[in-house]
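Have a look at the structure below before the remarks.
Count residues from 1 along the sequence. The structure displayed is predicted, hence computed values, not measured ones.
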Amino acid sequence: MSDILLAFAARGLSQGSWGSWLAWLLVTTQLTILAVTLYLHRSQTHRSVDFHPLVAHALRFWSWLGTGMVTREWVAIHRKHHARVETADDPHSPQVHGIGTVFWRGAELYRAASAHREDIERYGRGTPDDWIERHLYTPRASWGPALMLLLDVALFGVAGVAIWAVQMAWIPLWAAGVVNGLGHWWGYRNFETADTSTNLSPWGLWIGGEELHNNHHAYPGSARFALRRFEVDLGWIVIRGLAALGLARVLRVAPALDIRANVGLPDADTARALLAQRFRVMSEYFHGVIAPTLREEAASAGANLKALPRRLRRALGNGGRWLDAASRERLGAFTEGCPRLQRVCEFRARLAALIERNGRNGDALLEALRDWCHEAEASGIRALQEFSARLKGYRLVGEAA
Ligand SMILES: [Zn+2]
Ligand SMILES: [Zn+2]
């Protein structure tokens with residue numbers, strides 16, 4: 001009898017060893033990531049995809065089992081992040097709280113945010129409020145992880161406790177620390193969004209596509225996060241698979257852009273595309289106009305571009321919005337000696353203001369856009385002229401995000 005007990009304690013019901021522990025960890029942590037990205041994030045928070053009730057509940061159940069997080073709280077905190085991004089009200093902005101705090105203590109920030117009950121009610125509207133939510137998932141949130149611990153120990157004996165510890169650390173580390181922290185700190189940007197979001201890697205395989213965080217901030221309503229040819233979004237692959245089986249319905253994806261040739265004057269299609277693709281436009285302006293002008297100016301002045309750190313060069317794409325006073329001064333001193341660079345930066349600021357003031361009526365926007373293009377073409381700066389010609393041809397393909 002004691003031999004049986006000892007064997008159970010050592011290896012559990014599975015009697016498995018390293019290989020099976022790792023396989024179980026891989027499967028369960030990926031399921032948890034999928035429950036978060038597909039159910040909590042894309043479906044509940046942003047309503048970009050609908051799942052068959054059975055799939056939706058399976059994901060919701062797994063999110064309870066694997067994380068013990070309450071759907072309404074998660075959704076509310078994340079919606080608030082989008083609504084108040086990089087301000088003092090953002091629940092987890094590295095700009096406000098510092099990268100160290102968001103990375104290492106992201107779970108604490110999450111708990112603090114969930115204590116704001118008014119926000120949870122306000123931002124958490126439309127999340128499940130059925131019998132099982134009111135009697136189990138919300139009031140007994142910690143029972144999910146407790147049940148997972150029992151399951152781990154039953155399957156693997158004492159090793160199950162270590163497996164459980166890894167499972168429980170998964171979301172605090174990858175979602176709270178890596179996505180919320182590093183995803184607003186380090187990586188590449190496709191879109192000049194009005195925040196510091198970044199894509200951590202073009203292959204969002206490990207965290208279900210959530211690594212493509214700059215793409216997500218550019219088009220929060222899009223069910224697909226991968227937007228460039230080399231980007232892969234695992235969550236989207238799963239959605240496509242479920243949709244093929246009739247178990248998911250995609251509600252929205254990011255609009256695609258079409259460039260018409262030889263458009264003389266910007267028209268209503270141009271203006272619509274410009275507003276829907278505003279972050280992309282600003283990113284194209286940086287790469288197509290500011291960066292080449294910067295290189296030319298530096299070459300003609302014999303200046304060494306390396307003298308200006310990359311961080312400062314990149315800041316020209318957003319008017320130095322995230323720089324501290326000293327860095328902004330340093331950048332100002334550099335651009336002072338480069339009149340053409342200054343000129344294209346002024347054009348950038350005017351274009352950004354034009355897009356951001358999108359509350360104005362369509363005719364006024366169109367008129368301002370026509371003036372901008374006209375002046376850009378008369379500027380004598382080739383990169384700016386080419387950008388303007390391309391901009392006029394913008395037209396949306398598909399629906400707006
Ligand atoms: Zn974010
Ligand atoms: Zn989001």
Acceptor/donor pairs from residues 282-293 side chains to any protein atom, 3.5 angstrom cut, sequence neighbours excluded:
unit_1: Ser283; atom_1: OG; unit_2: Asn190; atom_2: O; d: 2.8
unit_1: Glu284; atom_1: OE1; unit_2: Arg390; atom_2: NE; d: 3.4
unit_1: Glu284; atom_1: OE1; unit_2: Arg390; atom_2: NH2; d: 3.3
unit_1: Glu284; atom_1: OE1; unit_2: Tyr394; atom_2: OH; d: 2.4
unit_1: Glu284; atom_1: OE2; unit_2: Arg280; atom_2: NE; d: 3.3
unit_1: Glu284; atom_1: OE2; unit_2: Arg390; atom_2: NH2; d: 3.0
unit_1: Tyr285; atom_1: OH; unit_2: Val344; atom_2: O; d: 2.7
unit_1: Thr293; atom_1: OG1; unit_2: Val289; atom_2: O; d: 2.6

For atom CH2 of Trp206, is the number of surrounding heavy atoms from other residues, nucleotides or ligands below 6.0 Å larger than 12? no

Check whether more than 12 heavy atoms from other residues, nucleotides or ligands sit under 6.0 Å from atom CD of Glu375, and answer yes or no. yes

Check whether the side chains of Ser201 and Glu211 place a donor and an acceptor atom closer than 3.5 Å, and report yes or no. no

Donor-acceptor contacts under 3.5 Å from residues 47-54 side chains, at least two apart:
unit_1: Arg47; atom_1: NH2; unit_2: Gly126; atom_2: O; d: 2.7
unit_1: Ser48; atom_1: OG; unit_2: Arg42; atom_2: O; d: 3.0
unit_1: His52; atom_1: ND1; unit_2: Leu54; atom_2: N; d: 3.0

Any donor-acceptor pair under 3.5 Å linking the side-chain atoms of His97 with those of His92? no

Exactly one candidate in Lys80, Arg117, Arg79 meets salt bridge (charged side-chain N to carboxylate O under 4.0 Å, His left out) with Glu73; the answer is Arg117

Is there a donor-acceptor pair closer than 3.5 Å between any side-chain N or O of Trp64 and the backbone N or O of Arg140? yes

Between Thr32 and Trp62, is any side-chain donor less than 3.5 angstrom from a side-chain acceptor? yes

Would you find more than 12 non-hydrogen atoms of other residues, nucleotides or ligands less than 6.0 Å from Asp130 atom CG? yes

Can you list everything that forms a side-chain hydrogen bond (donor to acceptor under 3.5 Å, both in side chains) with Glu133? Sequence neighbours excluded, please. Arg60, Thr138

If you look at every heavy atom in Cys373 and Lys392, which pair is closest and at what distance? SG-CG, 3.9 Å

Counting only heavy atoms not in Arg134 (residues, nucleotides, ligands), do more than 12 fall under 6.0 Å from its CZ? yes

Quick check on side chain to side chain donor-acceptor pair (under 3.5 Å): which of Asp267, Asp258, Asp269 does Arg395 satisfy it with? Asp258

Using modelled atom types and a 3.5 Å cut-off, is there a donor and acceptor pairing between side-chain atoms of Arg189 and backbone atoms of Ser197? yes

Looking at the rings of Tyr123 and His116, which for Trp means the six-membered one, are their centres under 6.0 Å apart? no

Please confirm whether the backbone N or O of Gly183 pairs with a side-chain atom of Thr198, one donor and one acceptor, at under 3.5 Å? yes

Taking every heavy atom of Ile33 against every heavy atom of Gly208, the minimum-distance pair comes out as CG2-N, 3.6 Å

What is the ring orientation for Tyr219 with Phe191, classed by angle as parallel under 30°, tilted 30 to 60°, or perpendicular over 60°? perpendicular

Ignoring hydrogens and angles, tell me if any N or O in the side chain of Thr335 forms a donor-acceptor pair with the backbone of Gln342 under 3.5 Å. no

Assess the pair Trp18 and Trp21: is the distance between their ring centroids shorter than 6.0 Å? yes

Between Trp236 and Phe225, is the ring centre distance below 6.0 Å? no

Return the minimal non-hydrogen interatomic distance between Thr67 and Pro145, and the atom names on each side. C-CG, 3.9 Å

Tell me whether Trp164 contacts the main-chain N or O of Leu151 through its side chain, where contact means a donor paired with an acceptor under 3.5 Å. no

Hey, is CH2 on Trp203 packed in by over 12 heavy atoms from elsewhere, all under 6.0 Å? no

Classify the side-chain pair Thr270/Arg260 by whether it contains a donor and acceptor separated by less than 3.5 Å. yes

Any donor-acceptor N or O pair under 3.5 Å, side chains Asp89, Thr87: no

Strictly distance-based, threshold 3.5 Å: is any side-chain N or O of Arg84 a donor or acceptor partner for the main-chain N or O of His81? no

Does a donor on one side chain sit under 3.5 Å from an acceptor on the other, for Ser388 and Glu377? yes

